[in-house]
Every structure is written in C-alpha cells, then in structure tokens.
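Okay, so here's the structure we're looking at.
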Protein chains: 2
Amino acid sequence: MAVTMRDVARQAGVSVATVSRVFNESGPVGEETRQRIMRTAGALRYVPNGTARSLTTNTTETVGVLLPNLYGEFYSEVIRGVEGAVRARRYHTLLSSVHDGPEELVAALRTLVGRVDGLVVMSPDIAADVIEANLPEGLPVVLLGAAVPGHAAVTIDNEAGAAAMVAHLAGLGHRRIAHVAGGPGNADAQARLAGYRRAVAEAGLDADPALVVDGDFTESSGHAAARALLDLSDRPTAVFAANDSMAIGALRAVREAGLDVPTDVALAGFDDIPVAEYVTPALTSVHVPIHELGARAVEAVLDAMLDGLDGAAATSTTLPTRLVVRESCGAGG
Amino acid sequence: MAVTMRDVARQAGVSVATVSRVFNESGPVGEETRQRIMRTAGALRYVPNGTARSLTTNTTETVGVLLPNLYGEFYSEVIRGVEGAVRARRYHTLLSSVHDGPEELVAALRTLVGRVDGLVVMSPDIAADVIEANLPEGLPVVLLGAAVPGHAAVTIDNEAGAAAMVAHLAGLGHRRIAHVAGGPGNADAQARLAGYRRAVAEAGLDADPALVVDGDFTESSGHAAARALLDLSDRPTAVFAANDSMAIGALRAVREAGLDVPTDVALAGFDDIPVAEYVTPALTSVHVPIHELGARAVEAVLDAMLDGLDGAAATSTTLPTRLVVRESCGAGG
DNA sequence: TTGTAGGCGTTATCAA
DNA sequence: TTGATAACGCCTACAA
C-alpha cells in the first residue's frame, strides 16, 4: 500500500489536518512544523492521492476527450490542441476513442463520467440526444464539429469553406467540378456538400449529379471515388474532396490513370492537415484551424465549469476557414 | 450534486449494498429487485462515480502516458498504439505531455500519481532516476524508447537499424555518407549515431568527422544541418538523418540548393512516419513499429499491475526495425 | 436474497 | 497554530 497522509502525520507527530494544510497551502501552519512535515513527506516519498482528493473536493481536474478514432492526422491535431489548452490550465486529459457504433459511444461516455469535470466530444455521426441521455446533468459537454441546437459547440464554417473552394476553382475556369463527399451520416460532410452545391449554383456551373460521389473520409474511399469520376464519359476538370485524406487517395487514382495533376485534373481538399503540404503536387485545401478547434473546445468546457452550465449552453463558436492555394490546382485550368 | 447510489437505493426501496451488487454483478440479487433497481437507476440517470469507486477498490483502471511533446507524427502514432491497447483492456488513458525541463517532468509525474494504475513514460532526454525518485514504489512504470538498467522498457533496436541503413547506402556505392544526428542528450540519437559509426567502420567508408552534424529531431534542424553538409567542399553523396522530420528538412535544403534527390544526393531517414511515403521523392527510411511500441508498453504496464512489479522490472523488450527503400535513395549512387 | 456498518485517503468544519 | 471528526460515494465483509 502506498504512503498516505496518515503515515506522514504520525511520523511527523502531527495530525492529518496539518499535513493537509501544508500540501494545500490552506490555513496557517507554523514554519517549523511545515518544514518537519515536508521533510518527513519527502523521506517517506509521500505523494497525495489524487483520487481521494477528487472525492472530497468533487473535482477531478480532468477533462475527458472523446474522439471517433485516432487514425489520421486530423485527430492527432485535435489532441494536440486539446492537450495544450488543458495543461495550460493545469488540468489533465483523459483520452478516449470510439470505433464502432453508438453502444460503444455510450459505454465510453459512462465510464468517463465521474472521472472528469467536463467533456469534449467529437462525434459527427451520432445524435447529441444519445450523448445527453447518458450523461448526468450539470456535466459541461462541448461538442466538437457538430453543432446541435441547445448544445455548446465549437464548429468550423464548413459550408463557407467549401463554397469558397468551389468559387476559387470556378475562377480558374473550371466548369465541371466534382465533389467527393464524406457520406450522408456525417454532419461536416453534409455541410461541405451544401457549400459545394450552393457555390455550383451561384456560379452557374455544371450541376451534374454524377459529379458528386460519396466517400467516407478515408484515403481509400477517395481513391475509389476518383476512379469512378475519371471513368465518366464527360470527365470533371477539377475534383474537390471533402477532406485531405480523400484528396490524397484521389491523387493516387489520377496518377494511376496516367493523368497529371493539375494539368489534366485539378485537385483540392479540406482540412489542410500537415501532409497536404508534402504531397506532390502540394495540395490546395481549405484550411481548418484544427488545433485551435480543440483548444477552444477545452476552454469552453473549463469556462462552463466555472460559470455554471447555463452560460455554457449558449456558448457556441464557429471558427472560420481559409483557402490555401498550392500547386495541385494553382495553375490548373 | 449528481445522483448517487444512495438516491437510487432509497428510490428503489433497497439498500445501497444491493444497488452496488447490481452494478458490479457481485453477489446474488433477486431478478425482480434487479429490474426495479435498473429501472429507477435509468430514470434517475444514475451513473456510478468512478472516483469513489477507485478509492475503495484501489484501482483507477487508467494508464498514464507521459510524452515529451505532442508535435510530430511520431507521437501521434505512439498515442494511437497506446490508446488502442488500453481500450482493448477496457482501461482509460490519461495523457500528459511535457515541454520543458525536468521540473516539469517531475510535476507531471506527481500529478499523475494516484490517478493511474501504471505509467508509460517516454522521456528520452531525462535520466530514469529522476522518474524513480518521484514515484511511489509499486507503481508499474514502463519506459518507452530509453532503456535503463533495472527498469522495464520497450525499445527499438536503433543501432542495428542505423547500421543497416548505412550498409544499404554503401551497397548502392556511396562512400561519403553523412549523418544528421539527433543531439548528444538523446538516447535514441546516440544509439543511431553509434550504429552509423559502426557501419561506416565496417564498410570501410569515409569516416570524416565533418560528415556528422547535430540536429534536434526537428525539421528545421534537419534543414540547417543539410545546408552545412552541402556547403562542404567534399560534399557527401548520401545523407542519413536520425529521423524522418530532419530528413524532410534536409530534402528541402537539397532542393533549395538546386540539387536533385536522389541523383545528386541520396536521402534517408529513420522512423518511417506516415508522411515519409508522401513526400516526393518518397523517403527511404528505417521503419519503426511506432504504434506497436506504444501497445507493447501498455501491455507491459498492465501485466506488471497484475503480476506484481517484480515480474515487470525484468520485462524489457526490444523491437526490431526494418529498412523501407523508396525513391529518395533507391536509384541513387 | 438483502441490509448494516466500517473503511478507502483526503478535505473542511469546528473546537481547542 | 493545531487537532478531532464528519463527510465524499462506493465496496465489502459480516449479519440477518
């Protein structure tokens, strides 16, 4: 068994209360006594037990983070952002990922409860009511990426970003711009698709339904989607994927078809993950401040903890995106 | 205040003991009673408090992970590996990163204690005794990447990997192979440098001290190191960086110098992070099973928790690396 | 099959 | 300036 406060107290000839005061700098303690306590604590290698502390203070000093999965650079950027903000406030990060369905989400949620003071949940595919039903009231929860009425959330302006990209491509002279979407069940994907559609309409471009193909945000789905698009009799001159991973998969497909990017097909992505800059040609993308996204979510959670939940429910932020033009469609036409 | 077991018990007309039995499936409970309890628990939205649970069971069901920082793909791969293994065992991951010096390491370590059942620590620069001095005995700790006598660790065979790469380059005909090292304070860096030196000697290559330049594992340091190497009157024909990030920085420098990879200079890295495949030309690298590294460390920690610490102290594993030859030096010479 | 009661390590409220 | 002592929410003998 580990050394407890009681051991230190006994050894130092004081009460646990005094030891507690020393470690929390709460209440007055005689200088001599404090020194003695610190000394014996050091000798005994005493370290306060965080769990017990949490129980009495009713605060864990921990923020839980629930992500869909950890694969891909997008999520690692989110984690970076979250962890940075969390440690800046001297809190801890309890990380959890969910791979399968809603049951697993619920299970993860429940095991997190009581271990965290607040929660950042990124769960684009799953309705917020599922989340709400499995959490005690009063636990600050901030949604990441998927805004739901009545819930605090930090989102990005997917629609505007997608529309801007389409407008950019149109400005380059493209009339047939394809979109590799992220799938019908995903909120981000839907918003990006909406932005694409709006911009296509506004610019009077080809609104051929065949130009929209569904993927699932993975590289391989981007690859498959691009193949389908390249097989079209009336091939698009530009392909805009709903995220960079799919764009990279598409890049591979274009190459395999013996075509060149951007000469034959311009290519654009969404997210601007670090790799986007390293592929050749470098990927034009809609930049998402991913790690600010994570940081903002954490701040929202922590603020909600302090202000009480009422303030938090209203606090929804939408971060802007911006276009990053690189070779993959800079010179295209 | 959240709903507690007591609330459920009162509402269901039973004692807390019975509620506890239901939730832990410990001890017998009448079917009718169990149903009633489950129903009222659901109605009250009761969720067991993990903190309180931890206090009595003396187990937190969480593994702490301490990493140097979260930047770069290497660490996100480690996190993936760790989280996967942790959740497979139905545990939790408490993530913590350390940016600055030893004091911060110590602080992080101490706040982790009492919140975790075991610890995975990746701290290549810092002596293990610092870690040991600040942890209660009996807490399973597995070092990641830096083996220290008497400590459980999961490491990779840095030296063999580096030597193999040099041998490969030598086989391609290179005689002047430069090494961008990772700095004197880093254990991995030292081992890779040792492997480089050994292989250079064994193959009877140019052992010019000017061919070894220190970096610090960042891309920009790789860039700077490569510039210095290219400025040498007798330029190396191959540059082997101690990690991929530095290799990518070097790639940029080579390009900026108007030279071609691999025609003018062959380039190789270490780690085989995902980007390595995407840069152009694709990077030849020593593949490190990064996320297996994380997974193994977690398993070692969890095993140590079960078997008692004695078994763990001996459990050190070294994972092999393998060469991944790609364009950046495949055809070079 | 169910209830009672003590304890886990800490904090916090009173007294002293 | 210090010490008893009652929580905190849960688990677990031990009784009933």
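Excluded from the calculations below are hydrogen atoms, water molecules and symmetry mates; all remaining heavy atoms, backbone and side chain alike, are included. Within every chain, numbering begins at 1; the chains are lettered A, B, ... in the order of the sequence lines, protein sequences first and strands thereafter.
- B:R6 pairs by the salt bridge (charged side-chain N to carboxylate O under 4.0 Å, His left out) definition with nothing, not counting sequence neighbours.
- In terms of the salt bridge (charged side-chain N to carboxylate O under 4.0 Å, His left out) criterion, residue partners of B:E61 (sequence neighbours excluded) are, by chain and number, A:R115.
- Within the structure, salt bridge (charged side-chain N to carboxylate O under 4.0 Å, His left out) contacts touching residues 37-56 of chain A (residues at least two apart or in different chains) do not occur.
- Among residues two or more places apart in sequence or in another chain, the side-chain hydrogen bond (donor to acceptor under 3.5 Å, both in side chains) test is passed with A:R89 by A:D303.
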I'd like a list of close polar pairs between nucleotides 11-13 of chain D and the protein, N/O only, cut-off under 3.5 Å.
{"unit_1": "D:dC11", "atom_1": "OP1", "unit_2": "B:N24", "atom_2": "OD1", "d": "3.3"}
{"unit_1": "D:dC11", "atom_1": "OP1", "unit_2": "B:N24", "atom_2": "ND2", "d": "3.1"}
{"unit_1": "D:dC11", "atom_1": "OP1", "unit_2": "B:R53", "atom_2": "NE", "d": "2.9"}
{"unit_1": "D:dC11", "atom_1": "OP2", "unit_2": "B:S20", "atom_2": "OG", "d": "3.1"}
{"unit_1": "D:dC11", "atom_1": "OP2", "unit_2": "B:N24", "atom_2": "ND2", "d": "3.3"}
{"unit_1": "D:dC11", "atom_1": "O4'", "unit_2": "B:T56", "atom_2": "OG1", "d": "3.1"}

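- By the side-chain hydrogen bond (donor to acceptor under 3.5 Å, both in side chains) test, A:S15 is found to be paired with A:T18, residues two or more places apart in sequence or in another chain being considered.
- Take A:E25 and apply the side-chain hydrogen bond (donor to acceptor under 3.5 Å, both in side chains) test, not counting sequence neighbours, and it matches no residue.
- Residues in residues 9-53 of chain B take part in these ring pair (Phe, Tyr, Trp, His ring centres under 6.0 Å) pairs, two or more places apart or across chains: B:F23-B:Y46.
- Between A:S15 and D:dT2, a side-chain N or O to OP1/OP2 separation shorter than 4.0 Å is absent.
- Residues from residues 6-14 of chain B with heavy atoms under 4.0 angstrom of DNA chain C, sorted by number: B:G13, B:V14.
- Here the side chain of A:V29 is nearest to one of C:dT2, D:dT2, D:dG9, namely D:dT2.
- Considering only residues two or more places apart in sequence or on other chains, A:R296 meets the salt bridge (charged side-chain N to carboxylate O under 4.0 Å, His left out) condition with A:E292.
- Scanning for side-chain hydrogen bond (donor to acceptor under 3.5 Å, both in side chains) contacts around B:T60 gives B:D117, with sequence neighbours left out.
- With axes fitted over five pairs at each extremity, the angle between the ends of the helix from C:dT1-D:dA16 to C:dA16-D:dT1 is 40° (10° resolution).
- Residues B:L55 and B:T18 each lie close to DNA chain C; by heavy-atom proximity, the contact nearer the 5' end of the strand is made by B:T18.
- No side-chain donor from either of A:T51 and B:T51 sits under 3.5 Å from a side-chain acceptor of the other.
- If you measure from atom CZ of A:R115 to atom P of D:dC10, you get 12 Å, rounded to the nearest angstrom.
- Contact between the side-chain N/O atoms of A:T4 and the OP1/OP2 oxygens of C:dG9 is not found at any separation under 4.0 Å.
- Counting to the nearest Å, the C1' atom of C:dA12 and the CG atom of A:N58 are 14 Å from each other.
- For the residue pair B:Q11 / B:T40, no side-chain donor-acceptor distance below 3.5 Å is found, with atom types taken as modelled.
- For the pair B:S54 and D:dC10, the criterion of a side-chain N or O lying under 4.0 Å from OP1 or OP2 is not met.
- Taking atom CD of A:E25 as the reference point, atom P of C:dT11 lies 12 Å away to the nearest angstrom.
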